Each structure stands twice: as C-alpha cells, then as structure tokens.
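First comes the structure, then the notes that go with it.
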2 protein chains.
Amino acid sequence: MSNAIYLGVVGVGGVGTAFLSQLARLPNAPKLVLLARSSQTLLAPTPAYSPAIPAADWATASAAPSLTKTGAMPAEEIATYLASAPGRAILVDNTSDLNLAKAYPTFLKKGISVVTPNKKGFSDDLSLWKDIFASAAEGKALDLVATGDQVTRIEGVFSGTLSFLFNTFAPASGSSNAQWSAVVAQAKELGYTEPDPRDDLNGMDVARKLTILARLAGLDVARPDSFPIESLIPNELAGLPSSADGIAQFMARLPEFDAQMAGIKEAAEKQGKVVRYVGSIDVPAKKVKVGLEYFDKDSAIAGLKGSDNIISFYTQRYGANPLIVQGAGAGGEVTAHGVTADLAKAIERLK
Amino acid sequence: MSNAIYLGVVGVGGVGTAFLSQLARLPNAPKLVLLARSSQTLLAPTPAYSPAIPAADWATASAAPSLTKTGAMPAEEIATYLASAPGRAILVDNTSDLNLAKAYPTFLKKGISVVTPNKKGFSDDLSLWKDIFASAAEGKALDLVATGDQVTRIEGVFSGTLSFLFNTFAPASGSSNAQWSAVVAQAKELGYTEPDPRDDLNGMDVARKLTILARLAGLDVARPDSFPIESLIPNELAGLPSSADGIAQFMARLPEFDAQMAGIKEAAEKQGKVVRYVGSIDVPAKKVKVGLEYFDKDSAIAGLKGSDNIISFYTQRYGANPLIVQGAGAGGEVTAHGVTADLAKAIERLK
C-alpha cells in the first residue's frame, strides 16, 4: 500500500464549494478521487484511481471524458470505492445528511477516516455516537480532558444567527429600540437565518452542538432533545406549516409577541444585565441546558459582536477565569476552514 | 526499535513540578528516564533504561538505589543519553535557559523531539530559529496559515503581569483611583511580577512572544529587540542595579512617575477609551510593535479580567471580527498544561 492518500468528498453546497477551493490551494493535498452530490457522482476511474478530479476546477471537470460519472451513490458504495483505493482514504462529508452520518461506522470499519462539519452523526442517538467511536481507531476527548484537566462548566453562544439577533436586540453598550420581530426580519433579509427562521429559533442547532460537547466532556447524552431546550418560537405559531406560505404567516404574526420579548429584555436591564441565548453544560451535575440567560454587561458573552460565537471552558486548572475561544460562527468559508484544518490533522495522523 | 517512548525532563521549578504531577496522571505516559536540574541529574540506568523514574514521586525517587545519580549534565550528554534509548525519545525543557535552547538543533538532529515553554530558543537570534527548524522533521506554521488562510494582523495582551496592572489601573467598567506605583506594588506583593518588576515592565517578555508569533506568521524577525518596544521603566530608574537594594530603590522612587502614567490614562479616557499594553503584528507591512495603545471600552482587549491574556487573529477568512483566544496567562499549572498538551501531540506523531 502506498503512502498516497485518496479523498472522497460529499456535498457541494456553501461549505462544500468553499472547502474544494481551499483544498485546491492546500500544499501536498491528497488526491480527490470521488466527488458526490445528490444528483451526480464523479469518480477517478478504477483500478488506477487516476486521473484525480481537479479540486480547483471540479465544476467543469464533470464534462471531462477521463472521469467516470454516475448518479447518486449510496454510502455503502462510496465506502467500497474508497476502501479499494491503492492507499489510505479519507471521507469528507460536507452535507448535513443524517443518513450519510449513520454510515460513518461502515467507513471507519473499512479504515477510512472521516472529516466532517455534519453535526448529525455526533448529536443523534447515543447509540450512533458509540458505534462511531467503537469503529474508529482514534479515541475521543477534549484536549483539556486528554491532558488530565477537569472541565467543570462549558458555556457559550453557539449560533451565529442567535448571536446576531440578541447582540442587535439587546446590545451591551449603547441601546436599541428595535422590536424583536424587526430584528428577526432583518436577519432573515441578510441571509443570517435559515430559510425558515424557526429552524434557528427552535434552538435545535444549538442543542446538537451542546450534545456533541457534552459527550466529549464525558456525559452520556441520549439524544439532542433529552435536556431542556427553550424554544423562541411562540407556541401559537409552532403549528404553522413549513411551506413558503407558513413562513410568511410566521413572519407576519411574530410582531404579536414583541411585547413578550421586550419584557424579558427590560427585566434583564433592571438588573443591569443583558439577555443572551446560550447553551451550558454543568459537568459534575451532568446537566445540559439551552435557552435565555442574563449576563453582566461587561462579561465576554454580553460583549460579543456581530454574529460571532463564543465558548468559555471552566476547568480546575484555569480556575475562575475560563479559557475562551471566540470568532466567526457562521459562513461557508469559515466552516470550510475548520474542515480543511481537520483534514490536515487527519493527513498528519495517517502519514 | 520498540514503540516505547522515552522522556527526558529538564527543570523542576514551578512549571516543571506542575508538569511532573500532570505527567504522573497522563494515560499511557511515556517512560521518564532522565530528570535534570541545575544541581543533580537522575537517570534510568543504561543499557536497559529501566526502571523508569516515577513521575508522581520524583522528589523522593532520587534516594532510590535503582536509579543513577550524577551532577549537572551538559546538553550534549543529555542528547547522547536520550538518543541511545531503545525507542523514540522526547526532551521536555521546562527551563528558561538559553544555553539549553541553543542545543535544540543537536537534539533534533539525533531524532529527539523537543517540547518546551522556553521562549528563548524561538525568540533569540533568527539563525537559531532557522537552525532549529532545519534540524526538525516537522515543519512550522500557524494552523491558520497551514490551511491556506492569510493572517493579516495579530494583536493582544501577552503578559499576565501587564494584563493585571492595566486591568487594575484603568478598568474598562467602573473606575479606579489607584496610583500606578501602588498597583505595581500590589502586583509585586501578590507574586504576579518577577522578583524585579522591571523584568516585566521592560516589555522583553512580550517582545519574545511577539517574535515567535511573527516568525510563525512568516516574518523574518532578526532579534526580539529588532522592533519598537516601549519600556514602562522610567529612564531615570533604568540604571538602578538589579540587586535587592536596587529593586527597593526602584519601588521607592516609582511614585515620582505616577503623574506621568495618570496623564496617559486620562488622555485615553478623554477619547472614551482605556490604555493597555499590547503587542501587535501587521503581517503585510511586516511590522511588529510592543507598547501602550488605546482601546474602545467595549472591545475584547479592554474587557479582559484579572491576569488573563488575549490574542486576536485577523485573517482573510475571518474578516472584520477576529478569531480570539483568551484565558489564564500565567501560573505553573496552566503553563504545564500547555506543555502536557504539546507532549500528547508529540507522542501522537511518533506513534
């Protein structure tokens, strides 16, 4: 088996496209031999797995006669194709597809490494999580835990969308008279929300991220909804359909609930604080929680800007002042950057 | 050659002691076969390099007849001893000794990995930096750079001592009437400064950290003093000897300069800002700078607490809002934590 590394990439949406352009500029990039999207799969022809797909030029490469084209490829077949490559193989899953995530154990058992920003595999049923790590050669643990430190609490703003909504609605410095519904409408117009803003407001995206972090910190979280999640969707509007018409109705009726959100904001202000939508993990108490909380105006969480995310890690060694990581929480380029960085680590381990 | 990893540790000061206690609790820890301090070296006897030194119990282990004891050991001899071990070897340098740092190329050329919080080797003459990386198997680059992102600016508070001094002297929220000299005296009493506070106030510790970061970002910085460094030691007091008497004179005369520091603080306040001691790297302009700057009160740098450090990375992909890392900037436990984490990475690469 040669030292060459063969790469299969699934998904060419916002993250996938940005990743492919970063891959094209990566020094000593592995050979891209499979590029799968929902409608078509592009393959380097067997048995040589050569020529590879040009990452810089993948969109036009599908017309190249030297490459094999086929329709949508089931995960099992992708795994078989990659496992037969004449070297080590890595799957990069740039989708948010639960079905592909469910096949990770299949890939791992065949010795194929998996790199992905897809939260589904790690935040769904605990049995899938266990199956994934039982199938993988590498262990799992937060770096802080691996060095023998005790993580006591993790807290932060885990959604770029919700960060923007609350930083705008209740800024820590200065003041804002904007109504909640107007801020949601603005975020939607700017493309900061999902097409249906309820997919952000229901807190499930944050809950999935918290599930992964809690599991890495050693807690057995059964499901991403097996702990309290405060939804920001008014009960009265939760039943509206997710059709374009339902979304329009939701946006039209959201102002009815502005007084409610204004009340929460004012209650925080009376205590000299601001309201933020956060996730928190109390490790010793084994408690995970997602919802609204009040923060001192001079705290790092209150001072967040734009759509940035922030995570505070409280550990035994770090004491009262946590280790804080803060930065852009959304956008294809930045997410792809994380994928590329993880790919670089995976390559280093395979060398 | 077996897969076993043999560890040599130099230095048992604050960081060294904390590191050894973390090492004792590390799962699958490598064998500790050498423990060197200025007065004595403890060795696992050759040729078997067994028994190893118990990391949990190193202080009493020096009385164990099964271990070899010798006096201070030159770096060359330590390298020869480790290179002859029946497996891969790692040197952990927990000193701040420039002479040991100058021997890193010797260790690396013998295939010995080096893990260290010692800034000297990476911040001294550029020729030593080049020699170290020419001798090492692994390359050097910021993770951000390795994935193809362009770092444009790095800025932050890089000294726990100077962080505490300015967070106390000119807090971003609330106000303080404390005189500069009183804050320095308080920090000295709390053990937050070096025995001679001028070793913090001269900015050289910050300049060494900036030198390392700038070099990792691709700039050829010749020396840690080859760029502007604003010293907070009044010219009139710079000449006092570094003896206990000289330190006492320095502390006694520092109040003469309180009006000067108060003036700087007030000038910042007039602009609605606070003064902080920061280091910054402008990558495209190839400029490194260490000294006082003004910051908006709601900025992350102004809002720093206690003796925390903060580093902001501005990159092309992250855009206007930087990637920020913030946390404890001092203390043996936390520094040792970094050493242990780097050791874990080195072990992973050697596997």
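Bear in mind the structure is a predicted one, so any value in this text is a computation, not a measurement. Per chain, numbering begins at 1; letters A, B, ... match sequence-line order.
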Q | Closest contact, heavy atoms only, A:L23 versus A:A29 | A | O-CB, 3.7 Å
In terms of heavy-atom pairs under 4.5 Å with chain B, which of [options] leads?
{"options": "A:K297, A:Q22, A:Q316", "result": "A:Q22"}
{"options": "A:L343, A:L26, A:D149, A:D308", "result": "A:D308"}
{"options": "A:V325, A:I310, A:N321", "result": "A:N321"}

Q. Are the side chain of B:R276 and the backbone N or O of B:A170 linked by a donor-acceptor pair below 3.5 Å?
A. yes
Q. Do A:S163 side-chain atoms and A:S159 backbone N/O form a donor-acceptor pair below 3.5 Å?
A. no
Q: Verify the neighbour count for atom NZ of B:K273: are there more than 12 heavy atoms of other residues, nucleotides or ligands below 6.0 Å?
A: yes
Q: Against chain B, label A:T340 side chain, backbone, both or neither, depending on which of its atoms sit under 4.5 Å from a heavy atom there.
A: both
Q.
Quick check on A:R317 against chain B: is it the side chain, the backbone, both or neither that has a heavy atom closer than 4.5 Å?
A. both
Q | Nearest-0.5 Å distance that lies between atom CD1 in A:I347 and atom CG in A:D342 | A | 11.0 Å
